[in-house]
2 protein chains.
Amino acid sequence: MSSNGQSDAMSQGAFRALADPTRRRILMHLSKGEMPIGDLVDQFAITRAAVKKHLVILEEGELISVHQRGRERINRLEPKGLKSVSEWLNYFSRFWDDRLSDLKAAIETETENQIQRKK
Amino acid sequence: MSSNGQSDAMSQGAFRALADPTRRRILMHLSKGEMPIGDLVDQFAITRAAVKKHLVILEEGELISVHQRGRERINRLEPKGLKSVSEWLNYFSRFWDDRLSDLKAAIETETENQIQRKK
DNA sequence: TTGACATGAAACCATAAGGTATTATATTGA
DNA sequence: TCAATATAATACCTTATGGTTTCATGTCAA
């Protein structure tokens, strides 16, 4: 196997957390700004307890962090977990990623132009 | 919610498939080359039937495709599913992604050097 | 055409996962 | 201090999941 073993072990919690569509929706909401559980519950047709369970799993996957503020607990998007998933995925990017090559081509052209202009 | 709804629906199967560590290991193996189920079974301490189930789930997530060849069925890495996951993740990249800017910097340097050498 | 090999499919089992309802705890403000 | 609010925690239920064992199918080679 060689590559990616450690990164895979670290991101297990994140992969698990992302498997559920409700949890991904929660992340989408939190991407617009941190908020307490109450605000999230309003967005879903499930009970507060169910949302709370999702938040715990998201926290375990290091996709969110929780911060006490008075009697509220604020849930905030946490880059760490997402980053580890992205890094795992990156190992496979050579099989499909047009973005990288497109970007590379674009930058090369751009750089050439800059150099042209400098002359 | 607005953004990312369609992409999320499409990648549900892929997210689900990626949640299991054994399935991620299978993908790692297939990244080294397509192979029949028998070759994969040798790499794991579980039965052929269990591996087969994983392959079905990977196929449902469009992470692999299967091609008949004689009496063998070859499992091949499929970019589609990985790409949809990466696109979903991309929505969040602004929260953490140093990769793009790093890459851009690296390519710029590299391109400059190439042009230097051409002189 | 018959055995051996490579595989798929079905039935079954234990545990994890997602949900509910209910009970308990802590902080704010009058 | 006491009610109201915001939340956590527990017990419980149903279905999904990952695994096994057993049985069925299809294809190659002699």
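In the text below, chain A, chain B and the rest are named by the order of the sequence lines, each starting its count at 1.
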For this session: Following the transitive rule for hydrophobic clusters with a side-chain heavy-atom cut-off under 4.5 Å over Ile, Leu, Val, Met, Phe, Trp and Tyr, establish whether Ile57(B) and Leu55(B) coincide in one cluster.
Result: no

Exercise. Taking CZ from Phe15(B) and C1' from dG18(C), how many angstroms apart are they, rounded to a whole number?
Worked result: 19 Å

Exercise. Glu59(B) CD to dT7(C) P: how many Å, rounded?
Worked result: 14 Å

Only distances under 3.5 Å count here; give the side-chain donor-acceptor pairs of residues 45-54 of chain A to other protein atoms, sequence neighbours excluded, each with its distance to 0.1 Å.
{"from": "Thr47(A)", "atom 1": "OG1", "to": "Ala50(A)", "atom 2": "N", "distance (Å)": "3.3"}
{"from": "His54(A)", "atom 1": "ND1", "to": "Arg23(A)", "atom 2": "NH1", "distance (Å)": "3.1"}

Problem set entry | Which nucleotide in dG8(C), dG19(C), dT7(D) has an atom nearest any side-chain atom of Thr22(A) | dG19(C)

Exercise. What about Leu27(B) and Val56(B), same hydrophobic cluster or not, with Ile/Leu/Val/Met/Phe/Trp/Tyr joined at side-chain heavy-atom distances under 4.5 Å?
Worked result: no

Problem set entry | Donor-acceptor pair between Arg25(A) and Gln43(A) side chains, under 3.5 angstrom | no

For this session: Take atom NZ of Lys52(B) and atom C1' of dT22(D), then tell me their distance rounded to the nearest Å.
Result: 17 Å

For this session: Measure the distance from CD on Glu60(A) to P on dA16(C) and round it to the nearest whole Å.
Result: 13 Å

Exercise. Atom CD1 of Ile74(A) to atom P of dA6(D): distance rounded to whole Å?
Worked result: 12 Å

Exercise. When the distance from CG of Leu55(A) to P of dG19(C) is rounded to whole Å, what number comes out?
Worked result: 12 Å

Problem set entry | Any pair counted as ring-ring contact (aromatic ring centres under 6.0 Å, His included), so long as it reaches residues 57-87 of chain B, sequence neighbours left out | none

Exercise. With respect to the phosphate group of dA17(C), does any side-chain polar atom (N or O) of His54(A) fall under 4.0 Å of OP1 or OP2?
Worked result: no

Problem set entry | Partner set under side chain to side chain donor-acceptor pair (under 3.5 Å) for Glu59(B), not counting sequence neighbours | none

Problem set entry | Residue-phosphate contact under 4.0 Å: Arg73(A) side-chain N/O, dA6(D) OP1/OP2 | no

Exercise. Excluding sequence neighbours, so at least two apart, what forms salt bridge (charged side-chain N to carboxylate O under 4.0 Å, His left out) with Arg76(A)?
Worked result: Glu34(A)

For this session: Please list, by residue number, the residues of residues 36-48 of chain A whose heavy atoms come closer than 4.0 Å to an atom of DNA chain D; answer none if no residue qualifies.
Result: Pro36(A), Ile37(A), Gly38(A), Arg48(A)

Problem set entry | By side chain to side chain donor-acceptor pair (under 3.5 Å) - contacts of Glu60(B) (at least two apart) | Arg16(B)

Seminar exercise, completed: Expected string for nucleotides 24-30 of chain C under the B/S/- scheme (protein heavy atoms, under 4.0 Å, primed atoms plus P, OP1, OP2 as sugar-phosphate) is ---BS--

Table of protein N/O atoms under 3.5 Å from nucleotides 10-17 of chain D N/O atoms:
{"from": "dT17(D)", "atom 1": "OP1", "to": "Arg16(B)", "atom 2": "NE", "distance (Å)": "3.2"}
{"from": "dT17(D)", "atom 1": "OP2", "to": "Arg16(B)", "atom 2": "NH2", "distance (Å)": "3.2"}

Exercise. In chain order, what residues pass the side chain to side chain donor-acceptor pair (under 3.5 Å) check against Glu78(A), with sequence neighbours excluded?
Worked result: Ser65(A)

Problem set entry | Protein-nucleotide distance (Ile26(A), atom CD1; dG19(C), atom C1'), rounded to Å | 13 Å

Problem set entry | Qualifying residues under side chain to side chain contact (heavy atoms under 4.5 Å, CB included), relative to Pro36(B), sequence neighbours excluded | Asp39(B), Glu72(B), Ile74(B)

Exercise. Taking only residues two or more places apart in sequence, or in another chain, which ones meet Arg73(B) in a salt bridge (charged side-chain N to carboxylate O under 4.0 Å, His left out)?
Worked result: none

